[in-house]
Amino acid sequence: MSSTSTAPVAIRCQPGPVFASATAAEALAQRLGLAHRVVDTNEMAREGYRANAGDRCYHCKTELFEVLQVLANQEGFDAVLSGDNLDDT
């Protein structure tokens, strides 16, 4: 895959928010024509996340995007985008 790839990829994180089931997530990705990947995150290893303060979302997203950036680099993607929070716009 070239470094200018634009093929969408569906990502499911573990142990993050649970989709109805792994099978349902895979089926949805297949129906939409998306590649499906599962990544492991470890938010609890972050002191800022464990503190459970007002900025815990920052620490959670930092963990997620650091993991996703590694995957993006491995698969030849130039960017990581998220559309899971409407209020993040």
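In this chain, residues are counted from 1 in sequence order. Computed from a prediction, not measured in an experiment: that's the story for all the values here.
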Side chain R56, main chain A51, donor-acceptor under 3.5 Å: no
Please report the shortest heavy-atom distance between [X] and [Y], naming the atom on each side.
{"X": "N42", "Y": "E63", "value": "N-OE2, 2.9 Å"}
{"X": "T41", "Y": "V67", "value": "CG2-CG2, 4.2 Å"}
{"X": "E66", "Y": "R46", "value": "OE1-NH2, 2.5 Å"}
{"X": "V80", "Y": "A72", "value": "CG2-CB, 3.7 Å"}

Around atom CD of Q30, are there more than 12 heavy atoms from other residues, nucleotides or ligands closer than 6.0 Å? no
Nearest 0.5 angstrom please: [X] [atom1] to [Y] [atom2], how far?
{"X": "R37", "Y": "E26", "atom1": "CZ", "atom2": "CD", "value": "11.5 Å"}
{"X": "K61", "Y": "E43", "atom1": "NZ", "atom2": "CD", "value": "10.0 Å"}
{"X": "F65", "Y": "L81", "atom1": "CZ", "atom2": "CG", "value": "8.0 Å"}

